[in-house]
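Quick caveat: nothing in here was measured; it's all calculated off a predicted structure.
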Amino acid sequence: MNADQLWETTMNPETRTLIQVTIEDAALVERRVSVLMGDKVEPRREWIEENVQFSLEDTFTIE
Amino acid sequence: MSDKKIMMSLEDIMGERFGRYSKYIIQDRALPDVRDGLKPVQRRILYAMYKEGNLYSKAYRKSAKTVGNVIGNYHPHGDTSVYEALVRMSQDWKMRMPLIDMQGNNGSIDNDPAAAMRYTEARLSKISETLLQDIDKETVSMALNFDDTEYEPTVLPAKFPNLLVNGATGISAGYATDIPPHNLHEVIDATIYRIKHQHCSLEDVMVYIKGPDFPTGAIVEGKQGVIDAFTKGRGKVVVRSKVDIVESKTNQSIVITEIPYEVNKADLVRKIDEIRFNKAIDGLIEVRDESDRNGLRIVVDVKKDISIKNTLNYLYKNTDLQKNYNYNMVAIKDKRPTLLGLLSILDAYIAHQEDVVTKRSMFNLNKAQSRLHIVEGLMKAISILDDVVYTIRHSKDKADAKKNLILQYDFTEKQAEAIVMLQLYRLTNTDIVALEEETQDLMHQVEELEAILGSSQRLRKVIIEELENVKKQFASPRLTKIEDEIKDIVIDTEAMIANEDVYVSITQDGYIKRISQRSYKARGNWAFGKKENDYLLSLMEANTLNKLLLFTSQGNYLYIPVHKIEEFRWKDAGKHVSYLVKLNSQEKIVKAILVEDFTQDVSIALVSKGGQIKRTSLKEFEVTRYSKAMKCMTLKNEDSLCDVCVLDGHQAIILVSKLGYATLYSEEEISLIGIKAAGVKGMNLKNDEIISMVHFDPDKATSIVLFNDQGGLKRLHISDIPYCQRATKGTLLFKKLKTKEVYLTKAILADPKDVYNVYLQNGQQYEIAVKDYHYLDLQAGFSTYGKINVGDIQYIDDDHILKIGKNMKPVELEEVVEPTIHIYNERPQNIHYEKLSFEDFLEDFNDEDIEE
């Protein structure tokens, strides 16, 4: 990516979009992180089965 | 600032991003498609090579070129991952039917890497071409590549069930897959049977597919595991190496010719050699890897007199000579990761073939029909050739000629085009015959194809024919032997241990070591190695086959096979026992007993400081699992284990308390109880505690020696101590002083010939010879030790090693010429004690003054 491309797409304050990450419920975040990144596979698989739609192309419905 | 700002909670962001990532990894990276058994990178490699004409019939092409094509056209990822995938598809110890034919070093079963991609060359293997066959006939759906410049297949036509034949392994998010290779012949037969019998059972199909067929051969055990895997997708089988046992004059050898799938041979050889080097088992002489270009061969030389079966079982259990394979048949089916049984895999494959053959037939039909249409036009043109020529000659240009042909003779646009493009030589006679033949041929084809498309029966027949054809070309005999039962591995551990006489030492704090005979003999004047403030509890002659029982202050015991104890030199401190068995930090070792034979009819007596006493049969101390300390006496809160001894059924015991009281009774007074029990009251104590338990053979033993905390020592006749009931206060053993309280620290059985080592806190050692001290009666006070300062004594080594073996009893005192004391084994009502006299023994002693 060239510098001007980066400016256009990401850096320009006129057009860019920022996502501000918030933590409302620390316990919920903690649980989510340990499900998604933890050692146990089983909860992760369950989460994937519940939340990821394999049949649709590139659309995700979370929760 | 006009920033657009979106607020999102962390869990939502993570959920959304992880969802996208996991979907990608699952669908497009790590898991194979159920239809062609390929992961995207593999499919892209095969397709890229096919497109480039890098076929089996042509010369090899540099691997780097292929890798570049794959990355540049289809797979925007690392070159190493693409090259590794390419190499793996060429390895005939990973793939049952290699899909790539590689020229050059493509790695080895020892896991050494393939040569870099600039050195190796590759082409599609012959069987790969059947995976790609018909791909240009619109048989599979194509998708645009990453930069929308090319199309790539989403699946290959796959003319054989590659997923089962070559297997797969992969780890994605939440899902992993492990599918072993199977035999092509068997899989095709099963597929054909399934096509013919759509509702057949797994059993029927398993007539053909009996289990996995690894390229590395070996033996698979466990039919049930195969059935589980084929039913549910998960199941465990045992894969065992193929070995032969060869006897020679000097030794015997285990010859390994096939090893389990996915085992690194070099690691396996190294592991076996480590076992030899560490002497974990006895009898291994040498391990040699004799593999060469003709095949795999590992030779393990074993001593002549060793049970080779046992050795082999040990290797099966402790190395990858035997390994479990866990089926976990996950594949992408309808874009979804699915755990699949054998029948679902076959059905998915068959459905794919029906789809492919239908589409191909449609493609061919279209082609045949349009050709037929043209041929019909040409034939018609030839039949009115002169008119056609005239019309063309009188037309302005090509477009006009076509227009006129269509208008005047009713040709279609396509036919007209074909006519104007006709070369003049095609107008000869022979060509008309050829056209006629072609028409026939095309009509026949169309008929055939229409039949296939119109009847699922015909369609299936075509699929079967094609499968049969692949089978005929490529089938190879099964390499892996299947056995229904999993053989138990029985290891006689005793037989594995090198039988060696050694010394074993244990300190109070729990430092333990094994000292070889050689090191023991060479100890010279070196002090025994130990940590500061620790002291030697026992040093005993042992054999590696013996077991050591260590009793702790908290009423537990540790069971330690001597051969497990690490060897150290005499002057080394050794290692804390917790590397063998876990020990609580406050727990002290109270006593060590060495056992050769647990079947001996003896019992272990345990006494606590609080006066509880119990007896438990030795047999109960034998265990098979010993990683943890086990309870041998339940103790009340503050109480702790004080002493332990071995009784053979004819012994009597004396319990001695700190305040100087002693009870003496037969061991039969103590009931024989279970290993966890708390026991009974052994002595009535008042603000007092037990310091020693002395056991003796009433027919032989004569005297005991008491030590006190003031540096005093007293030797007295056992016969002076009256027999009493179990839970009584007992007899006072010395005269109480009014001025100060004297406490006993230890009581030991004494033979006139004994010499005791007394260890002082400053590390000095001092000898006390029993015969140096006269007998004193109960009312007397103490003698002094002599040169030793009061309070310096740290430990008295009473040297009575407890060893129980086949021909061993608790170490007996040497026979002494002294009248015996009779303690009846039956619980006596009235006991008569014979008074003993000193006279007989005076000669044994030096006439030294007895100091008060």
Between the CG atom in A:L18 and the CD1 atom in B:I6, the distance rounded to the nearest 0.5 Å is 9.0 Å
- [ ] May I have the step-by-step check of side chain to side chain contact (heavy atoms under 4.5 Å, CB included) for B:L10 and A:L28, ending in yes or no?
- [x] CA-CA 9 Å; B:L10 181 56; A:L28 194 64; over 6 Å; no
Heavy-atom nearest pair, B:A173 first then A:I48, reads O-CD1, 3.3 Å
* Asked: Crowded around A:M11 CE? As in, over 12 foreign heavy atoms under 6.0 Å?
  -> no
- Task: Might you work through the side chain to side chain contact (heavy atoms under 4.5 Å, CB included) test for A:R44 and B:F18, ending with a clear yes or no?
- Result: CA-CA 10 Å; A:R44 182 157 46 246; B:F18 188 87; 3.6 Å; yes
Separation between CD (B:E16) and CD1 (A:I19), nearest 0.5 Å, reads 7.5 Å
Rounded to the nearest 0.5 Å, the CD atom of A:E24 sits from the CE atom of B:M7 at a distance of 8.0 Å
* Considering residues, nucleotides and ligands other than B:K359, do more than 12 of their heavy atoms fall under 6.0 Å from its NZ? -> yes
Taking a cut-off of under 4.5 angstrom between non-hydrogen atoms, the residues of residues 33-42 of chain A near chain B are A:V33, A:L36, A:M37, A:V41
Honestly, the part of B:I13 sitting under 4.5 Å from a heavy atom of chain A is side chain
B:S9 side chain to A:T22 backbone, donor-acceptor under 3.5 Å: no
_side chain to side chain contact (heavy atoms under 4.5 Å, CB included) for A:F54 and B:K333? Distances and angles first, verdict last._
CA-CA 10 Å; A:F54 287 104; B:K333 191 183 169 200; over 6 Å; no
In terms of heavy-atom contacts, A:Q53 and B:K23 come closest through O-NZ, 3.3 Å
Turns out that what part of B:I332 lies under 4.5 Å from chain A's heavy atoms comes down to neither
Flag if over 12 foreign heavy atoms under 6.0 Å of OH, B:Y151: no
Minimal heavy-atom distance between A:R32 and B:D12, with the atoms involved, is NH1-N, 4.3 Å
